[in-house]
Amino acid sequence: MDLQNILFYVFAALTLGCGALVIANPFSRNPVTSAMFLVLTIVSMAGLFVLLHAFFLAAVQILVYAGAVIVLFLFVISLLDLKAEATRRVKLFGLLAGVVAVGAILTIFLKNLGATLFSNDSKPMVEGGTSELGKVLFTNYVLPFEVVSVLLLVAMIGVILLSKKKLD
Amino acid sequence: MKLELLPWLVLFMPLAAAVFIALFTLRLRNVSSFISIGAIVAGFILTVVFINANGWQPTPGESVRQWLPVDGLNVEFGLRLDPLSLMMMLIVTGVGGAIHIYSRGYMHDDSGMARFFAKLSLFTFSMLGIVLANNFIQMFIFWELVGVSSYLLIGFWFEKPSAGDAAKKAFIVNRLGDFGFLLGILMVWGLLGSLNFSTLQGLISQNPAALGASATIAGLLVFCGAVGKSAQFPLHVWLPDAMEGPTPVSALIHAATMVAAGVYMLCRIFFLLNTPALEVVAYIGGFTALLAAVIAVQQDDIKRIIAYSTLSQLGYMVMSVGLHGQTPAMFHLTTHAFFKALLFLSAGSVIIALHHEQDIWKMGALRQKMPITFVTFLVGGLALSGIWPFAGFYSKDSILAQALSRHDFEGYLLFAVGVFVAGLTTFYIFRLFFVVFCGKEKSDTASHAHESPLVMTLPLIVLAVFSLIGGLIGVEGVYDRIFLAESVHSAGFIAALFGPFINAPLAASLGILAFFIGLGGAYALYAKADKDPLPEMLGGLATAMKNKFYFDEIYEATFVRAHDFVAAVADWFDRWIVEGFCIGLIRGGTDLTGRGLRFLQTGNLQTYAFLFVLGVAVALYFVLR
Amino acid sequence: MQVGLEHYLTVSFVLFALGLFGVIMRRNLLVIYMSLEMMLNAANLALVAFSRFNNKLDGQVLVFFIITVAAAEVSVGLALIVALYRRRRSAHVEDLTSLKF
Amino acid sequence: MNASLMTLEIWVIALGIVLMLADFFFGVTPQRKKALAYLGIAALAVMLLTLLGSDAPTGTAFNGAFVQDPLSIFFKRFFLVAAILVLFMTSEFSEKISTAVPEFYSLVIFALVGMLFAASSNDFAMLFVSIELITVTFYVLVSYQRGKLSSLEAGVKYLIIGALSSAFMVFGIALIWGTTGQINFTELAAVVPQFLTNKIFLAGVLFLLTGLGFKIAVVPFQIWAPDVYQGAPTPTTAFLAIGSKAAGFVLLLRVLFTAVPDVAHHWSTYLIVISGLTILYGNLCAIPQRNLKRLLGYSSIAHAGYLLLGVAALSANGQSAVMYYLAGYLFTIVAAFTVITLVMQHLDNEDVSALAGLNQRSPLLATTMTFAMVSLAGLPPLAGFFGKFLLLKAIIAEGPANYGYYYLAFVALAGIIISFYYYFGVIRAIYWSRETPDLSPIRLSGAAKFSIALCIAGMVWLGAFPNVVVNLADQAARALK
Amino acid sequence: MSILTHIFLCPLIAALVLLFVPRNYRVIIRFIALAGTFASMVLAIKMFWLFVPGASGFQFENRVPWVESLGISYHVGVDGLNVGLILMGAVVVFAAALCSWEIQTREKEFYILLLIMSGGILGAFASLDLFFFYFLHELALVPTFIMIGVWGRGERKNYATFQITLYLSIGALLALLGIIGLYVKSGANTFDIPQMIAYVKTNPMALHAQNFVFPLLLFGFGILVSLWPFHSWAPLGYGSAPSPTAMIHAGVLKKFGLYGLIRIALPLMPQAAQSWMSLLSWLCLGNILYVGWVAMRQRDLNLLIGNSSVAHMGFIFLGIASLNLIGVTGAVFIMVAHGFLAALTFALSGFIYQRTGTLQMVELGGLCRPLRFIGTALVMAAMAGCGLPGFANFVGEVTVFFGAWNRFPAVTVLAVWGGLVIGGIYMTRAVRTILHGPVPAKFAGLEDAGLWRKFPYALLLAGLLVFGFFPKLLTNQIEPDATKIISIYQQVPVAAANTGNSTLACVPVSNFKAAPRDFQAASIDNRRTAIENQ
């Protein structure tokens, strides 16, 4: 087993383990804990990205997600002071139903994944470097890129409108 | 004017009169009555003119317009002019005319006189239509119209509940008969493909087995119509009740014309009836004659007694048809028209004189106060009883003779019935006669009675004359022309006078014997009676007779109750099963589902997300299965 | 055993399922929102893995868009949650049931 | 590359920015705010007439990512008309928002941009970003009445379920692209037959459709709709019901019939079942409903089901029927919501009883509402009838291939009949309800009258002279092949 | 534009004009409504007069393409089947407008709806395009619901509205499915009825398609016509409806389904028709007998009339089911006759309700005395209702009986019982309780209809009587075109319809059920001529 494979398993385990802790931490139901584990998940996923040679995205992942999104979350959590509500009991039926539904999707999917053969004959060549990605982004994908700019504008307006304290 | 148009004119003048009165002169009593009387009298005259010009042609002449031609169903509107119909026309317009005139007096004080005459004219039109019809559908149409005009006339005093009920009853019972009639017509048409009487007759004479196996059924179904209209057992119940109408109506419809239509129809379609069917016809007629006569013995209403006598006499006629004796039947029909109209009108005269009192036990001793009525009634009674030389004698005798001439069990049995009924007839009519005209006054109104005006008595006299001589004026010969094409005997007056004794001595003598027995019985029991002695003598039987053998009750308990029951079930089913259960279930189910489904929408995001995921899971399962 | 596409996809999908589970089970809107982010990340992982094994960069570009859009969405969503909290003093889904049936 | 095809989009984006900025220069009086709306309307109308006239150019741009064909032109016209009508409604509604009105206008315009791009998108990247543009804009639009808890609650619900569906969609796109390696619809179609047995690919398509299903609110992704319809500001609800749904449909049509036509044929039975369930769910739940907007929410689910009939038919006739039906639905639903906006201006609840005595308060509004309900119920002579007629026709035509279509037709029938019950309930509330609490006449501005007249005209015109739109829809449907 | 267009546009234009008349100009509103309907009546009479019986094809035809891509065009025209219906419809509509004086509230809306209803249904009868045929009927149908809901009477009004709406909608939608199915399956790619028929002549529809579409049409139209057991809306609805609505609906609108069956279903799907007709014949007994019995139990005059009107539908169905010229002609005849009759009875009951405030029969009585004209008219209506000669109904019913006799003898027997006896019973009972007997004191002073008010009743009665006395006026027009429809059945392959196997082998005429009769009739005709020649 080469290093890459070992690293994959490490990162995968980290990703999934931390992911599980985000949603169901047996010790704490505090959203802050969840947020922190989400950071870990995202960072270990960035590791997986690196293993897949998507260097630029790994960086973006850490920058945008861990650096911005999660910070935003934490900011909001502290703003809202949600501690008091963190400990409500989960209903057994709800748990069961959730497990069944998600479990069903998971099982079906994994079963079919196992049954599907991917043609792996070509050696992976692609490198997700900044320049390669940039080239594609600004040639083939310039239009969605521009549309995303509108989206960001809308998000900006929206955030301002929604979070303005006074309803003037 | 073309001769062919005359019968059309006769037919439609009464209709025109009725429509004219209904539309324009409902408020003008006298004008209305003159229009109506004018129409029928003119009709009588025109008929006479036509017969004079045309003679009694035995071959049927037809005057035809197309009415409803659809594919194989070709309904014509045609007039069939043969001695049978021409004679009937004379009766309808003649006797009817007399009754119309009489009505002017009888209805003098009634506010609805114009309406009355309109209806009378409508009836005349319908009756003439039956008489002149040349095909089944046309006959059925007028058959129904006669039914409805009788309905209207019986219910003339509609504010009286009993009149309304009687009208309704008459209509429905007639409808029962018509039901069979129409089915019969359908059957005949289905088998032979034609509705025209002459065509049908031709087909049957060409091939007597044309009707095949269903011949008897078809014949009997058609006979049902006659049973209804001529009030034969078991549909006889409407006729006595129909006496709720004004007396001229009883005279016109329920004695002289409408009830005779059944017999007339039987003679008209005689060729359709095969032997088994005729047997049934004969027995039904005989039984009706007997039953009605028995019931008549214990009735107290002057008009009801006469009504039952009508039933009984109609039974004679039907029986006669059943015995292959159309001529005697029609002959009796003719004389019966005279004397029964006479009896009714005389009774009406009595009723008017007593201010609408109809109970015979409240009359009495009217002989002196109403001499003309007394005489005419006596003539009518004698004619009804069938004593020589009154008209009734000849016709009744010919029926009895017809029965005897059969020389079989059926003939003898019915002959016996006929003779017995003849005796009963004499008995009850003279019971009536003695109680009403003889004895002493049994109420105040009876003592203040006085004779009716001329407009009423004149028709009485005319009818009385015909009741006397009706048997001798050659009516029979006219009928023979069509029914027995070969032998048209034209005997002299004296031969005609004593003809029955020569031709069928047994029938004639037994008939006269029955008369005297009946007369004697009536005299012994009723000449001086204040109340009816018979109930004491007969006990329960008398009660049964008085109650008409409970036919009304039986019908009430069976036919009416059954229909009402089925109707109740249907209504219940409709209300609770169709409307309540089925619709209610669907509606309620939908509503409940809606209300229930709504609770999926708990408002809780978690539930929503769960349902969303569940939906994906299910979809995934099916898609990747 | 060589780590292949399947492995990455498995990880990706398990992560996706975890996020899904979080959305269903957690009551705190913020945590639900985090779970949603996790699901988006799972998709990102799948795209990147496919991109590598398909030898095409389009997947990575898509990931780029997804990250951007997700960031925008998060900002709007969090602003909304804050606004809600200001009104309702709660960020729990049970308290958001005035619209129902 | 043929970027000139995008002139319209560029102008609309510019318009959105102008409206947003205009606030600074225009002042804040309500009249001026209304004037802004009219400006936007006028601008959109001009664009509609000049840029999307009968000779609008067609073609593709950006490596086939952007396509301008009869289908997209049809939908672009549709979206523009919808935006115009919604802007009218918004201008009447502005009193209730009270704050940041110009931003509302510009957000409507930006949502319109998203829809316009959706109509033209021909690859997954465009699909994703345009749909997200619409969704994110609607997050804001739905929760715009921050003062009202219900608006915020609706916003949050829309947000969470929307994000959830986005996640599915993204994952779906990942799987599709991953298995096939194709991102462009047209190119994808060519390789789809090889992947029909690939379960991962199929799961991807399913996940993608999940995202679209959320937009058009079909069972089982319909659950958000009533709550959000009820809570959102009325113009938003209208835009959601018509614009967002139509965007979902145009993408659904493209994906199903341009990108993965073979899968669509493969799945006809599922489409049938889903369509039937949607119809039943929407109609059944609406029966006991008293809240007018919620009622229309349920009814919009039902209508999504009817529209799916046309999709499920998998035929050009069905697709053209979908488009015709949407056109009729546009005028109808906007008319209904306009009436609600005007009637409920000063009321907090939207109970059906608020319509009591409307025929005396304002005969015009009463007539409009009646027309809208009659058209929704699918009765002649209005647009809804002919639309349903076309849909049913499309369904029955496919009957011999799959008897499920016959059953579906009967289900649709049952749905239509159930719907009579509640639509007539609304009419009844207008004309003969017992309680008439308020009989003060409602004053209508000229603009409101104009927009109502436009809606009625649209309903009647589509119902009485469907020829033009039917031809356009046929043309558009042909473009899908 | 053809005269037909004018006939049905007159009321619609009047409705449009009314929209712009202020609501307090009551006289003007009434006048416009009357003018609109009167104009269409006059035109209809003119059309009936100009109509040439038996001319080939349709008359007064007008065709304008509407949606070319679907083959929908505005196409109107008359032949013998609908010429009488349009005449009857126009007369009834005018009478209904005259009778609308009883409406006191929201007159403007009422008249608008009435006019829409009138125009719609007249247009539907004139249409030769399936789409418009259906479309215009729906247009007429919707106002019915609203009118019952708003102007209806009785405490069960809401329930009645609910039921009639649901039932009729279900019926209409089933029929719509059928019509669409017809379009799709016939393959003619047109909604034009004559073209479809011509196309189907050469390319008959597949059997399974027929068996899918025909029951849809049969039951869809059947529900619209209150075919048993889908009848319960009718008495209830009519009982609650304001009388002009009941007049138009029961008189005219209801005929649409029957007309549709004859116009569309019979010529296009002969095999399916063959196999479904025996079922229909039994169902129609449900109407005639069962509903007749139900009618006997009614205590409310309107319910009784409603039920009897349902019962009459049975005769029409029987006529159609017999699938021969006589039966179908009779069915069309009753359709016209019953239109006049239903309108007349509902108008009369409306009058009585207006004057007495009740329709409970036990509370009424002896009304012939104070209401002479109305009483007489009601007696006549009742008599017409139980199939009395002189009124048009008789002609139709008898014709139907003759038509059905050879095909369904048992059914015909029961139908005759229902028509003659049960009909007689409930009609005379009603007359007895309402019109005969003593007058309750409170009704003694009732005022009879004035001259103007009498007019609609007289008009309708005249219609009944004219066609009752001169049926040829109508049958001559019906017959040639009914022949065209029925002629298919003379050479139709019966095969699969009866035996269930789907071979479309042409079975010779003699295998056809009705054929023996025709054969027999022909031979009888020969014999008859032979006799006459002798």
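Numbers restart at 1 for each chain; the letters A, B, ... are given by sequence-line order, proteins then strands.
- Residue contact with chain A, scored on non-hydrogen atoms closer than 4.5 Å, is absent for D/L127.
- A/L137 is not listed as a side-chain neighbour of A/V142, based on a closest heavy-atom distance of 4.5 Å or more.
- When the candidates D/G155, D/S106, D/A203, D/S143 are compared by the number of heavy-atom contacts under 4.5 Å with chain A, D/S143 comes out ahead.
- Of the atoms belonging to D/I17, it is side-chain heavy atoms, and not backbone ones, that fall under 4.5 Å from chain A.
- Proximity to chain D (any heavy atom under 4.5 Å) is restricted, for A/I157, to the side chain, taken from C-beta onward.
- Annotation: D/Y158 is in aromatic contact with D/F214 [ring centroid separation under 6.0 Å].
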Exercise. Would you check, one step at a time, whether the test side-chain contact (heavy atoms from CB on, under 4.5 Å) holds for A/T33 with A/N30?
Key: CA-CA 6 Å; A/T33 335; A/N30 194 321; 3.4 Å; yes

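- Chain D forms more heavy-atom pairs under 4.5 Å with one residue of A/I108, A/V150, A/V148 than with any other, namely A/V150.
- Contact annotation for D/I183: only side-chain heavy atoms (C-beta onward) come within less than 4.5 Å of a heavy atom of chain A.
- Between A/F49 and A/F56, the distance separating the two ring centers is not shorter than 6.0 angstrom.
- Using cut-offs of 30° and 60° for the angle between ring planes, the D/W267 and D/Y270 rings count as perpendicular.
- In this structure, no portion of D/Y139 lies under 4.5 Å from any heavy atom of chain A.
- Looking at D/F185, D/F207, D/W177 one by one, the single match for ring pair (Phe, Tyr, Trp, His ring centres under 6.0 Å) with D/F124 turns out to be D/F185.
- With a threshold of 4.5 angstrom between heavy atoms, D/L133 approaches chain A through its backbone and through its side chain.
- Residues D/S165 and D/K215 bring no donor and acceptor atom of their side chains to less than 3.5 Å of each other.
- The part of A/L153 that comes within reach of chain D is its side chain, from C-beta onward, which places non-hydrogen atoms under 4.5 angstrom from that chain.
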